[in-house]
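Written below as structure tokens is the structure these notes are about.
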Amino acid sequence: MPQKIIIDTDPGQDDAVAILMALASPELDVLGIVTVGGNVPLPRTTLNARRIRELAGRADVPIHAGCSRPLSRPLVTAEHVHGPTGLDGPHFPDPVLPVGDTHGVDWLVATLKAAAPGSVTVCILGPMTNLAMALVKEPSVAGAIDRVVAMGGAYFEVGNITPAAEFNIYVDPEAAHVVLTSGIPVTLAPLDLTHKILVTKERFGKILAVGNAQSHAVVEMLKFSEQFDLNKYGWGAAPIHDPCVIAHLLRPELFTGRHINVEIETASELTRGMTVADWWRVTKRAPNCLFLKDADVDGFFDLLVDRLGAYSR
Ligand code: RIB
Ligand code: CA
């Protein structure tokens, strides 16, 4: 039986790659996509999700627009990385399929209330606002969620939007706190992991060699979004973040981490959004998440190339 998943996202080029990967994987039953304000404002993340759905040829997957800003803070965006559209790089035709007229949070609540206990995996690729709002609105929906798998946080790798915090958590630290204290099993793919997933020239070549519209768009998207990180880190290749979430669902054996306690800084402006990860278990705080740290990187890219190859040429 395919694993039922919901993708909550702020596309974003790396989100787009994750969504293409998920929609090409028969092991996953994508119940729907919910968008959130993040990399760019909500109207653009929602337009981008529509673009990617049509690039994937998946009219069957509903998209609902969720929260436009964090629970209690103004939205912080990342056009400096993703471009003004949030999906700069390729040219996308205007999407024709509409979004659902239900608010994304209400769609989340209704879908989870109708789901069997522990039957849905929620994949969060941006700020955690929508799920947090759903849990506040209807706490019982937690029972339908078997786990949350999210790209977010950083510990040994420190932050990317501030010295202390990774972008997704930084944008809505209160939402991350709600999710991490909900009792729902959480797996985090932090920068400690994703900064090892580097899209080298050789890996770009393998993606391009797939030779279909989807792989071509992936190369063009990542060639745009990599510019910021190439200049910032000087590593010669840029990391890719969000597809780690989908890859972990498909092949968890590619990844290793630790069940530890992670708390979110919400009070200090200096360290707002820091994921205080008790990796060495120096506190008595109960473990509340699987904090991923290492991966079989070639195995990850083999999986990505394989799934992109599932689209027709
Ligand atoms: O810090 C990286 C994360 O922030 C990724 O999810 C990227 O898409 C942005 O949302
Ligand atoms: Ca994202």
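Counting starts at 1 for both ligands and their atoms, following the listed order.
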Suppose I only count heavy atoms of Asp14 and a 4.0 Å limit; which atoms of ligand 1 are within that range?
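Once the distances to Asp14 are compared, the set is 5 (C), 6 (O), 7 (C), 8 (O).
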
Identify, by atom number and element, the atoms of ligand 1 in contact range of Met151, meaning under 4.0 Å from any of its heavy atoms.
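Listed by number with element: 2 (C), 3 (C), 5 (C), 6 (O).
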
Atom CG of residue position Asn231 - does it have more than 12 heavy atoms of other residues, nucleotides or ligands inside 6.0 Å?
yes

Are there over 12 heavy-atom neighbours, none belonging to Leu270, within less than 6.0 Å of that residue's CG?
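No - once you tally the heavy atoms of other residues, nucleotides and ligands closer than 6.0 Å, there are 12 at most.
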
Under a single-linkage definition using a 4.5 Å side-chain heavy-atom cutoff for Ile, Leu, Val, Met, Phe, Trp and Tyr, are Val40 and Ile124 assigned to the same hydrophobic cluster?
no

Say whether Met128 and Tyr170 are linked into one hydrophobic cluster, either directly or through other cluster members, by side-chain heavy-atom distances under 4.5 angstrom.
no

Is there a polar contact between ligand 1 and [X], counting only N or O atoms under 3.5 Å apart?
X: Leu191; answer: no
X: His241; answer: no
X: His82; answer: no

Starting from [atom], locate the nearest protein heavy atom and write down its residue, its atom name and how far away it is, to 0.1 Å.
atom: atom 6 (O) of ligand 1; value: Asp242 OD1, 2.6 Å
atom: atom 10 (O) of ligand 1; value: Asn168 OD1, 2.9 Å
atom: atom 2 (C) of ligand 1; value: Glu166 OE2, 3.4 Å

For the Ca ion (ligand 2), angle spanned by Asp10 OD1 and Leu125 O (nearest 10°) is 90°

Please determine whether Asp242 has a backbone or side-chain N, O or S atom lying under 3.0 Å from the Ca ion (ligand 2).
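Yes, since at least one N, O or S atom of Asp242 sits under 3.0 Å from the Ca ion (ligand 2).
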
Looking at the Ca ion (ligand 2), is one of the N, O or S atoms of Ala18 less than 3.0 Å from it?
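Under 3.0 Å: Ala18 has no N, O or S contact with the Ca ion (ligand 2).
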
Closer than 4.0 angstrom, basic N to acidic O: yes or no for Asp106 and Lys137?
yes

Would you say that Asp15 contacts Val17 through its side chain, given a criterion of any heavy-atom pair below 4.5 Å between the two side chains?
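With C-beta onward as the side chain, the pair stays apart.
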
Test: Lys293 cationic atom under 6.0 Å from Phe156 six-membered ring centre, within 45° of axis
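Yes, Lys293 sits over the ring of Phe156.
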
Residue-level breakdown please: for Asp10 versus ligand 1, do any non-hydrogen atoms fall below 4.0 Å on the side chain, on the backbone, on both, or on neither?
side chain

For Asp15, which part has a heavy atom under 4.0 Å from ligand 1: side chain, backbone, both, or neither?
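Side chain only; the backbone of Asp15 stays clear of ligand 1.
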
Less than 6.0 angstrom separating the ring centers of Phe228 and His82, yes or no?
no

Nearest to atom 9 (C) of ligand 1 by heavy atom, Leu125, Asn160, Asn39: which?
Asn39

Under a 3.5 Å cutoff, is there a donor and acceptor pairing between the side chains of Asn48 and Thr45?
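No donor-acceptor contact under 3.5 Å links the two side chains.
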
